[in-house]
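Bear in mind the structure is a predicted one, so any value in this text is a computation, not a measurement. As a basis for the values below, the full set of heavy atoms in this structure was taken, side chains included, without hydrogen atoms, waters or symmetry mates.
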Amino acid sequence: MKSTRLYTSESFFIEGGNPLRGKVQVSGSKNASLPILVASLLTKEENLVENVPDLLDTHTALELLGSLGVQVEFQDHRVRLQARELSSYRAPDAMVRRMRASVLVMGPLLARFGRAVVSMPGGCSIGVRSIDQHLRVFEKGGASIRIKHGYMDMEVKRIKPVEYTFEVITVTGTENALMFLSGCEKRSILRNIALEPEVLDLVEVLRKMGVEIHIEDRTAVVRGSRELRGFHHRVIPDRIEAGTFMVAGFITGGDVELQGVRVEHLGAVMDKLREAGAQVDVLSLDRLRVRSKGEIWPLSISTAEYPGFPTDMQAQFTVLCCLARGQSEIKENIFENRFQHVAELQRMGADIHVRDRLAIVRGVEKLYGAEVYSTDLRASASLVLAGLVAEGTTVVRDIHHLDRGYERLEEKLRALGATIERLPPEGS
Ligand code: EPZ
């Protein structure tokens, strides 16, 4: 299948139709690793983080921390970090554009050094993704923030205790606020916080460092310290990678056992898969098995903050609904533009109609292989899933989006029986 333009990025070549069977080990969580690696800025002592996934985004985070002066060593999913002193408090535009989670350095830089100059993240393909809530907490804590030449220039002498109710539930906003307030010895109160497992994994780390954090419902009481200890932590498994493999095993008519998961983090995903007709068996706290029973039933999905149905699983379930026996409704409540996978799935024969944040999906007999283009991390995962079940060959372009959040995906899928290989950039 010749594309009309020279490809500078890699692609996946997939032959659809193989049921996935076997066992797969899930990697550590990308969205827990990122704030936890950044938390190393809060202490002069050495830190050890285990089960860190080998992803583009984790390498980007380590490159950013290195540029700030943190000593970093990444070996076999273990990262040693030490921020003895800082050589910079600046997160450059190129870095933030590459990974918007770079904004997570703001809180710890202000807490440790009282200074941070970070490029405004700008929009991204799935939505505006403003960070007004992050900045509101810093201002309440006494930070001055000047926006100039696209950078946020922030300074705080001594962090004041904060009492704040988030206007929206924000994952990295909560993480930034907790790390910022780790530098304040007085008691702060944050209300309407995010409770994603990744946020709570960071809370575990901050507690190990000596931060007092008490959480009740969506309220956190935080008391930090000027001298925080180093930490040793094993990152939780990636519940979104796990969910992606669960959908893959089900829609290909297969039988897949996932190992190294946290079953308790997968409640909403297991419920929806069972509703769609999957056999989901919990084998232990960290193992579960997903099997097809031959039918795929339509669903009504509405994304929500944890423990609701995760927005990061919406694109993957859209593919499931494309093959269901009937009509499904998918409501995306978290981001305003997270249906970019739809146009690509329509090229494969999907019958989907999107209006605002609602997608109506009418099940079709089958999808057909095509050349499709990744736009963002989870959209690209959905295109791989579609390729696995489509009749014929699918080429998924620009898989650097995918490599941000899935470690060795093609190897793991091949081990389960998929016909998939990574194509080099064309003309290379
Ligand atoms: C985190 O992004 C995740 N990224 C995202 O995963 C995930 O989709 C998202 O949370 C929702 O669960 C990381 O953890 C690195 P938010 P984040 O702040 O923190 C609005 C993936 O695929 N908002 O919870 O940026 C915002 O616009 C990525 O791994 C404000 O209005 O998301 C969005 O509509 C994609 N003001 C909503 O809240 C703010 O100050 C939720 O955003 C902050 C957020």
Side-chain angles (χ1 to χ4, degrees), residues 1-4 7 9-22 24 243-256 273 276-278 290-299 313-328 330 339-354 359-399 401-402 406 409-423:
M1 188 179 295
K2 205 76 190 93
S3 71
T4 50
Y7 253 84
S9 170
E10 293 177 317
S11 308
F12 275 161
F13 180 96
I14 306 168
E15 283 290 354
N18 306 8
L20 298 189
R21 291 204 177 88
V24 61
T244 306
F245 277 107
M246 292 164 76
V247 171
F250 175 52
I251 62 174
T252 57
D255 179 349
V256 174
L273 271 177
V290 178
R291 274 174 285 175
S292 159
K293 294 187 287 186
E295 293 290 345
I296 301 179
W297 300 110
L299 294 170
M313 284 300 305
Q314 179 260 104
Q316 300 89 316
F317 269 77
T318 303
V319 179
L320 181 157
C321 294
C322 289
L323 299 160
R325 186 184 289 275
Q327 176 170 303
S328 300
I330 300 173
F339 284 122
Q340 298 183 86
H341 43 290
V342 167
E344 298 305 307
L345 294 173
Q346 286 167 335
R347 291 167 50 77
M348 300 177 75
D351 179 351
I352 309 174
H353 185 70
V354 172
I360 307 288
V361 185
R362 290 189 192 86
V364 292
E365 263 311 294
K366 64 174 67 170
L367 295 175
Y368 296 88
E371 182 180 12
V372 288
Y373 297 64
S374 305
T375 49
D376 61 85
L377 168 55
R378 305 305 171 183
S380 54
S382 74
L383 299 178
V384 173
L385 292 180
L388 293 173
V389 296
E391 182 177 285
T393 303
T394 298
V395 177
V396 182
R397 298 290 186 197
D398 293 341
I399 50 163
H401 289 288
L402 198 102
Y406 291 90
L409 183 63
E410 75 274 24
E411 290 173 31
K412 293 182 178 180
L413 287 171
R414 256 202 305 273
L416 293 172
T419 303
I420 177 171
E421 60 178 288
R422 182 181 288 258
L423 303 179

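Residues forming a ring-ring contact (aromatic ring centres under 6.0 Å, His included) with F317 (at least two apart in sequence, or on another chain): F309. Residues passing the salt bridge (charged side-chain N to carboxylate O under 4.0 Å, His left out) test with E411 are R408, sequence neighbours excluded. With sequence neighbours left out, the side-chain contact (heavy atoms from CB on, under 4.5 Å) criterion links P19 to R21. In terms of the salt bridge (charged side-chain N to carboxylate O under 4.0 Å, His left out) criterion, residue partners of E410 (sequence neighbours excluded) are, by chain and number, R422. Partners of E391 by salt bridge (charged side-chain N to carboxylate O under 4.0 Å, His left out), not counting sequence neighbours, listed by chain and number: K366. Qualifying side-chain contact (heavy atoms from CB on, under 4.5 Å) partners for L416, counting only residues two or more places apart in sequence or in other chains: L20, V24, F245, V256. Residues passing the side-chain contact (heavy atoms from CB on, under 4.5 Å) test with N18 are T419, sequence neighbours excluded. Not a single side chain to side chain donor-acceptor pair (under 3.5 Å) links E365 to another residue, sequence neighbours left out. When the side-chain contact (heavy atoms from CB on, under 4.5 Å) test is applied to A278, the partners found at least two apart in sequence or on another chain are F250, L273, V280, V290. Residues satisfying the salt bridge (charged side-chain N to carboxylate O under 4.0 Å, His left out) test with R414, not counting sequence neighbours, are none. Residues satisfying the side chain to side chain donor-acceptor pair (under 3.5 Å) criterion with D376, sequence neighbours excluded, are absent altogether. S374 pairs by the side chain to side chain donor-acceptor pair (under 3.5 Å) definition with nothing, not counting sequence neighbours.
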- Please report the C-alpha distance between L413 and V384 in whole Å, then the side-chain angles of each, then the deciding distance to 0.1 Å, and finally whether the side-chain contact (heavy atoms from CB on, under 4.5 Å) criterion is met. CA-CA 10 Å; L413 287 171; V384 173; 3.8 Å; yes
- Task: Verify side-chain contact (heavy atoms from CB on, under 4.5 Å) between R325 and E295, making sure each step is shown before the conclusion.
- Result: CA-CA 8 Å; R325 186 184 289 275; E295 293 290 345; 2.9 Å; yes
- Task: Step by step, work out the side-chain contact (heavy atoms from CB on, under 4.5 Å) result for Q314 and H341.
- Result: CA-CA 10 Å; Q314 179 260 104; H341 43 290; 3.0 Å; yes
- Please step through side-chain contact (heavy atoms from CB on, under 4.5 Å) for the pair L345 and L383, ending with a clear verdict. CA-CA 7 Å; L345 294 173; L383 299 178; 4.0 Å; yes
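Checking side-chain atoms of S328 against main-chain N and O of L299 turns up a donor-acceptor pair under 3.5 Å. With hydrogens and angles ignored, the 3.5 Å screen pairs a side-chain donor or acceptor of R347 with a backbone N or O of E371.
With values rounded to the nearest 0.5 angstrom, E10 atom CD is found 11.0 Å from L402 atom CG. Atoms CG and CG, on L388 and L367 in that order, are 11.5 Å from each other to the nearest 0.5 Å. One finds the CD1 atom of I399 at 8.5 Å from the CG atom of L409 (value rounded to the nearest 0.5 Å). Atoms CD1 and OG1, on I330 and T318 in that order, are 3.5 Å from each other to the nearest 0.5 Å. Distance OH/Y406 to NE2/H401: 14.0 Å, rounded to 0.5 Å. C322 contributes atom SG, which lies 8.5 Å from atom CG of D351 (distance to the nearest 0.5 angstrom).
When all heavy atoms of M348 and G369 are compared, the closest pair comes out as CE-CA, 4.4 Å. Closest heavy-atom contact between A276 and L320: CB-CD2, 3.8 Å. Listed here is the closest heavy atom pair of S380 and L377: OG-O, 2.5 Å. Of all the heavy atoms in S9 and D398, the pair that sits closest is OG-CA, 3.3 Å.
Residues I360 and Q327 have side chains in contact (heavy-atom distance under 4.5 Å, counting atoms from C-beta outward).
Between the side chains of S382 and Q316, no donor-acceptor pair is found at a separation under 3.5 Å.
A side chain to side chain contact (heavy atoms under 4.5 Å, CB included) with V396 holds for exactly one of F12, F13, Y373; it is F12.
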